[in-house]
Amino acid sequence: MSGAANREQVFPTRMTLGVMKGKLKGAQTGHSLLKRKSEALTKRFRDITKRIDDAKRKMGRVMQTAAFSLAEVSYATGGNIGFQVQESISNNARFKVKARQENVSGVYLPQFEADINESINDFKMTGLGRGGQQVQRAREVYSKAVETLVDLASLQTAFVILDDVIKVTNRRVNAIEHVIIPRTENTISYINSELDELDREEFYRLKKVQEKKQIAVAAADAEAKAKKLKAEKERLEALESKKAQLEAAKENGENVKEEIKETEEAKAGVVEESVVEEEKEEEEEQSGDLVAQTEDDVIF
Amino acid sequence: MALEAKNRTLLACMGDDDTITGMLLAGIGQVTTEEGKETNFKICNDDTSSDELLKTFNSFINRNDIAILLINQHLADKIRIEIDSYSNAFPAILEIPSKDHPYDPEKDSVLRKVRRLFGDS
């Protein structure tokens with residue numbers, strides 16, 4: 001009867017949880033109703049057992065009286081009338097019983113009632129010679145006795161039926177109390193724990209995802225910053241170099257002039273002069289590009 | 001169960017000579033020619049064997065028109081096991097005293113059940 005084993009085999013979903021909660025509620029309502037039914041029946045049952053006890057004792061006395069009246073008949077008629085009585089039985093009983101239903105908390109208890117058909121008399125001839133009065137008396141006494149017996153029989157039948165029904169009801173009550181309710185509760189707690197577990201899992205997963213996202217964002221930020229820095233640095237460098245170049249160009253220009261002067265003066269080789277001119281052109285092109293670049297940056 | 005009780009109108013009796021005579025005087029007797037339902041009473045003496053008692057008892061409890069079966073207690077003692085293990089509601093079995101054997105509540109199967117259920121109330 002471990003907690004894990006004593007539960008229903010269900011998928012732990014919210015729907016099943018709802019179903020189980022409904023089931024638990026139903027079981028509790030049914031339990032209280034059945035318990036009340038059982039109590040009502042038990043009350044009735046105790047009442048009946050008490051009456052049975054009394055009726056049985058009464059029956060003992062009544063039967064004694066009846067036996068005595070029969071003895072009187074034997075004495076009066078001077079012999080045994082048994083044979084005569086047995087021979088005069090007709091095909092329809094004078095003394096019959098009628099069953100009436102009584103409803104106790106949904107249980108039908110039969111109640112027997114004496115149903116005497118006065119028009120039937122099988123013993124007209126009995127005691128015709130002697131003791132007719134005693135026979136008549138004995139008939140009445142025995143009729144009364146049998147009525148008592150019929151009452152007792154109803155009680156006894158009710159007792160047997162109630163005993164059965166109470167057993168069944170108590171079995172149901174106990175089954176609900178000790179099996180169905182704990183099992184449903186176990187199932188509910190199982191579903192709850194599983195759902196909690198899923199929640200925790202989901203939460204952790206989200207947390208992880210967020211963490212990853214943050215790392216990615218941080219990395220992207222750092223990259224962008226680095227790029228910006230680099231770009232700034234490049235711009236600075238470019239500016240520096242432009243400045244330097246411009247200065248260099250200035251100097252160069254003087255140099256060229258000087259060289260030209262020198263060449264003019266010294267009338268040196270043509271090769272050297274062309275190289276210098278090429279360099280000059282290149283420097284001029286580069287400085288133009290740089291100016292364009294710096295302008296772009298500024299616009300940004 | 002309601003229908004079952006409706007059709008049961010007769011009383012049956014198993015007992016000694018005097019008991020049967022008394023019951024017949026009260027008018028419970030019914031004699032028919034129908035198979036298995038010839039009489040609803042049976043005279044049993046002290047020398048009636050328990051086998052025969054059992055046969056009569058079974059034939060009475062299997063009839064569908066008997067509501068109550070009366071049986072003398074001293075005869076019931078002979079087939080006590082059968083009577084104690086009988087648990088149907090219909091027919092109701094009632095142990096009655098006979099002239100020679102006074103009633104003993106301690107032997108009655110229903111009263112014993114009552115006592116067992118409620119201690120010694």
Side-chain angles (χ1 to χ4, degrees), chain A residues 45-46 49-50 52-53 56-57 59-60 63-64 66-67 69-71 73-74 80-82 85-86 89-101 108 110 112 115-117 120-123 126 135 138-139 141-146 149-150 152-154 156-161 163-164, chain B residues 1-11 13 16-34 39-41 43 65-70 73 86-100 102-105 108 110-111 113-115 117-118 121:
Chain A
F45 190 63
R46 282 179 174 274
T49 49
K50 196 162 170 280
I52 282 184
D53 221 36
K56 287 262 177 187
R57 283 175 216 289
M59 177 195 76
M63 291 306 285
Q64 219 173 353
S69 76
L70 194 65
V73 169
S74 302
N80 201 341
I81 61 160
V85 166
Q86 280 165 43
I89 300 298
S90 70
N91 62 1
N92 199 1
R94 186 177 87 97
F95 200 110
K96 285 188 177 179
V97 289
K98 250 191 332 205
R100 197 161 50 84
Q101 301 287 324
Y108 285 100
F112 294 123
D115 180 20
I116 301 169
N117 190 344
I120 299 172
N121 188 355
D122 298 334
F123 311 113
T126 313
V135 171
R139 272 185 62 189
V141 171
Y142 263 99
S143 290
K144 286 269 180 305
V146 176
L149 292 178
V150 169
L152 184 54
S154 342
Q156 199 176 302
T157 314
F159 171 82
V160 173
I161 291 174
D163 189 26
D164 226 38
Chain B
M1 194 166 282
L3 276 175
E4 203 192 342
K6 276 276 182 293
N7 297 328
R8 295 178 180 270
T9 55
L10 286 182
L11 291 103
C13 186
D16 60 16
D17 230 352
D18 286 340
T19 313
I20 293 290
T21 306
M23 290 302 156
L24 291 183
L25 277 175
I28 67 160
Q30 177 166 303
V31 179
T32 60
T33 51
E34 205 180 326
T39 59
N40 61 346
F41 55 91
I43 296 171
D65 56 348
I66 290 177
I68 304 167
L69 171 59
L70 306 168
Q73 200 173 37
Y86 177 82
S87 60
N88 292 5
F90 297 106
I93 293 179
L94 221 55
E95 292 176 31
I96 57 173
S98 64
K99 203 171 76 178
D100 308 322
Y103 185 65
D104 182 6
D108 194 299
V110 173
L111 274 184
K113 265 187 210 163
V114 173
R115 297 252 149 91
L117 280 167
F118 291 99
S121 61

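- Counting heavy-atom pairs closer than 4.5 Å to chain A, the top residue among B/Leu11, B/Ile28, B/Leu94 is B/Leu94.
- Contacts of A/Arg57 with chain B are made by side-chain atoms alone, with heavy-atom separations under 4.5 Å and no backbone atom involved.
- Of the atoms belonging to A/Leu149, heavy atoms from both backbone and side chain fall under 4.5 Å from chain B.
- Residues B/Thr9 and A/Lys98 fail the side-chain proximity criterion, which asks for heavy atoms closer than 4.5 Å.
- Heavy atoms of B/Ile96 lying under 4.5 Å from chain A belong to its backbone as well as its side chain.
- Contact tally against chain B (heavy-atom pairs below 4.5 Å) for A/Ala66, A/Gly60, A/Ala67, A/Ala153: the top residue is A/Ala153.
- Heavy-atom pairs under 4.5 Å with chain B peak, among A/Phe45, A/Phe159, A/Tyr142, at A/Tyr142.
- With a 4.5 angstrom heavy-atom cutoff, B/Leu69 does not touch chain A via any of its atoms.
- The greatest number of non-hydrogen atom pairs below 4.5 Å with chain B, out of A/Asp115, A/Val150, A/Asp164, is found for A/Val150.
- Taking chain B as the reference chain and counting heavy-atom pairs below 4.5 Å, the highest number among A/Val97, A/Ile52, A/Val160 is found for A/Val97.
- In this structure, the side-chain hydrogen bond (donor to acceptor under 3.5 Å, both in side chains) partners of B/Asp18, at least two apart in sequence or on a different chain, are B/Lys99.
- For B/Pro91, the side chain to side chain contact (heavy atoms under 4.5 Å, CB included) criterion is met by B/Arg8, B/Ile61, B/Ile66, B/Tyr86, not counting sequence neighbours.
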